[in-house]
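As structure tokens, the structure follows; a few thoughts come after it.
Naming convention: chains lettered A, B, ... in sequence-line order (proteins, then strands); numbering from 1 in each chain.
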There are 2 protein chains.
Amino acid sequence: MSQTTSKRKATAAQAAESRTGAGGRAGGASVHASVANEIGSRIVRGDYPPGSILPNEAQWSQTFNVSRSAVREAIKMLMAKSLLASRPKVGSRVEPRERWNLLDRDVLAWYATSPGRETFMRTVQEFRYIIEPEATAFAAVRRSDEQMAEISKACQDMGAATSLEARTEADTRFHLAILRAAGNDLLVPLGVLIESAFDHLFRYVTREGDDLDHAQKLHEAIERNIRLRRPDAARNAVRRLLSNTDRIIGANQAPSDA
Amino acid sequence: MSQTTSKRKATAAQAAESRTGAGGRAGGASVHASVANEIGSRIVRGDYPPGSILPNEAQWSQTFNVSRSAVREAIKMLMAKSLLASRPKVGSRVEPRERWNLLDRDVLAWYATSPGRETFMRTVQEFRYIIEPEATAFAAVRRSDEQMAEISKACQDMGAATSLEARTEADTRFHLAILRAAGNDLLVPLGVLIESAFDHLFRYVTREGDDLDHAQKLHEAIERNIRLRRPDAARNAVRRLLSNTDRIIGANQAPSDA
DNA sequence: CGCGGAGTATTTGTCAGATAATTGAACGCC
DNA sequence: GGCGTTCAATTATCTGACAAATACTCCGCG
């Protein structure tokens with residue numbers, strides 16, 4: 001009965017098809033990883049709203065043409081992220097959103113590719129406004145010389161970057177280095193937010209040469225204030241940078257898709 | 001192996017016994033969950049430092065007297081939390097600390113039961129100082145009436161609480177309600193930090209009647225400033241509360257072990 | 001008609017064993 | 001000495017079976 005696999009299952013079958021079938025790219029992801037990716041993506045996208053019951057393991061197994069073990073491992077990964085909880089006889093139920101671990105790399109990636117990602121990115125940006133000023137103030141006090149060197153290097157690389165990718169990469173590195181230099185281990189995992197924000201926002205923030213110059217100056221002000229160990233000035237500099245970013249995003253946010 | 005038959009009968013009991021370690025709670029938990037607990041706990045505790053290789057799946061399987069599938073599901077859960085990464089032939093390698101998802105409920109719990117939890121709790125407390133003032137300021141601006149009701153209710157419950165447990169519960173509820181009222185979805189998952197802090201710190205912070213009264217007044221000041229929609233005053237009130245908490249913890253932190 | 005309790009069916013949980021895929025390392029060839 | 005090949009260890013995947021938990025049904029009883 002499983003012989004006639006209905007391949008119309010569209011996006012779902014892609015992952016499975018790419019391994020079993022002849023056509024797809026065989027590169028990279030393991031089976032359980034791609035299954036977890038697909039299911040997690042669907043949950044975050046809203047295909048299965050919180051409180052609803054997912055198809056059972058056997059059904060997923062058929063849908064993706066993979067063994068039940070692979071499905072189970074994928075589900076266990078999603079359970080570890082608190083996206084769902086399983087119980088015998090009832091199945092896997094999607095957990096309420098407030099239990100999801102939004103700071104998880106994968107969940108964040110799924111959010112970033114789901115509808116409503118514009119709203120989510122604004123949330124991320126606002127969140128940066130909450131943590132980055134204070135974190136930078138801490139960095140201005142507690143940074144080591146090595147950490148300062150990383151920050152300065154990233155800042156220089158930003159200025160010297162010739163491509164948009166290189167500049168974004170250095171920008172990310174700059175902010176991550178500051179988080180690390182703040183000396184609070186709990187801040188470091190929040191770096192994934194910044195990475196996500198830059199990965200999915202970098203198309204908006206530049207193009208204009210003037211904006212780019214101004215942003216560079218703001219970054220340099222932050223670097224300088226951390227270097228001179230001025231926490232208050234550093235905090236304010238970060239605030240200026242963030243509201244500048246917000247302004248540019250706000251101006252360019254009209255085109256919903258490039 | 002003729003012992004397979006006898007092992008089969010003893011499986012459940014022995015497994016439960018072997019898993020009843022420091023971090024692995026055996027009561028009621030499923031096998032893969034308790035295995036994940038035990039391994040995760042050991043990793044966070046430092047038994048397997050970042051970069052080192054864990055025993056292979058077969059060895060874990062023997063250690064806990066569980067099937068390899070159960071071990072694999074446990075490992076997949078730890079992979080989902082970025083505590084480790086597996087590759088064929090090499091095994092499961094512990095990821096560097098900066099990749100761990102410290103805001104995960106389980107990871108946090110493992111930290112809270114590991115040596116060095118004193119240090120970690122100070123980190124948590126400092127992190128609260130970074131986010132809660134700003135979050136409360138947002139709450140003062142954006143709260144709905146329902147959210148305000150939750151906050152006020154929790155504040156009242158704190159004052160009316162007769163037991164330490166009840167007071168801690170209301171206290172937690174108070175701070176979580178504020179995070180929710182701030183209107184930024186990314187703040188909500190940080191609530192686990194507050195829960196963790198209170199769960200593992202409530203033994204220090206009270207006892208003294210004077211401190212308790214003072215803390216209550218500080219909480220009421222926060223409630224009032226959110227109610228009256230005064231973000232700046234609310235922010236300052238939170239800072240006062242946090243430094244008061246720090247003061248009390250600092251005074252009582254002499255007994256390094258309960 | 002309401003209700004409790006036994007039974008049933010469904011789903012996840014756990015186990016065992018086999019085979020494939022991956023890859024670091026040793027080995028031999030040129 | 002450099003380089004491709006073989007080898008071995010480990011995870012990855014699949015299959016099939018059975019156990020455990022539990023929501024649901026249904027039947028008997030008050």
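Less than 4.0 Å separates DNA chain C from at least one heavy atom of each of the following residues of residues 68-94 of chain B: B:Arg68, B:Ser69, B:Ala70, B:Arg87, B:Pro88, B:Lys89.
Distance CD (A:Gln59) to C1' (C:dT10): 12 Å, rounded to an integer number of Å. Taking atom CH2 of residue A:Trp60 and atom C1' of nucleotide D:dT13, one finds them 20 Å apart after rounding to whole Å. C:dA16 atom P lies 12 Å from atom CD of B:Gln62, rounded to whole Å. Atom-to-atom, CG of B:Leu54 to C1' of D:dA9 comes out at 16 Å; the value is rounded to the nearest Å. One can place CG of A:Asn56 at 16 Å from C1' of D:dA21, the figure rounded to the nearest angstrom.
With values rounded to the nearest 0.5 angstrom, A:Arg167 atom CZ is found 11.5 Å from A:Asp157 atom CG. The CG atom of A:Leu193 sits 10.5 Å away from the CD atom of A:Gln125 when rounded to the nearest 0.5 Å. Atom OH of residue A:Tyr111 and atom CG of residue B:Leu186 lie 8.5 Å apart, to the nearest 0.5 angstrom.
Judged by distance alone, the side chain of A:Ser196 and the main-chain N or O of A:Val192 form no donor-acceptor pair under 3.5 Å.
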(message) side-chain contact (heavy atoms from CB on, under 4.5 Å) for B:Val35 and B:Trp60? Distances and angles first, verdict last.
(response) CA-CA 9 Å; B:Val35 170; B:Trp60 284 124; 5.9 Å; no
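Around the CZ atom of A:Arg173, the shell of radius 6.0 Å holds more than 12 heavy atoms that belong to other residues, nucleotides or ligands.
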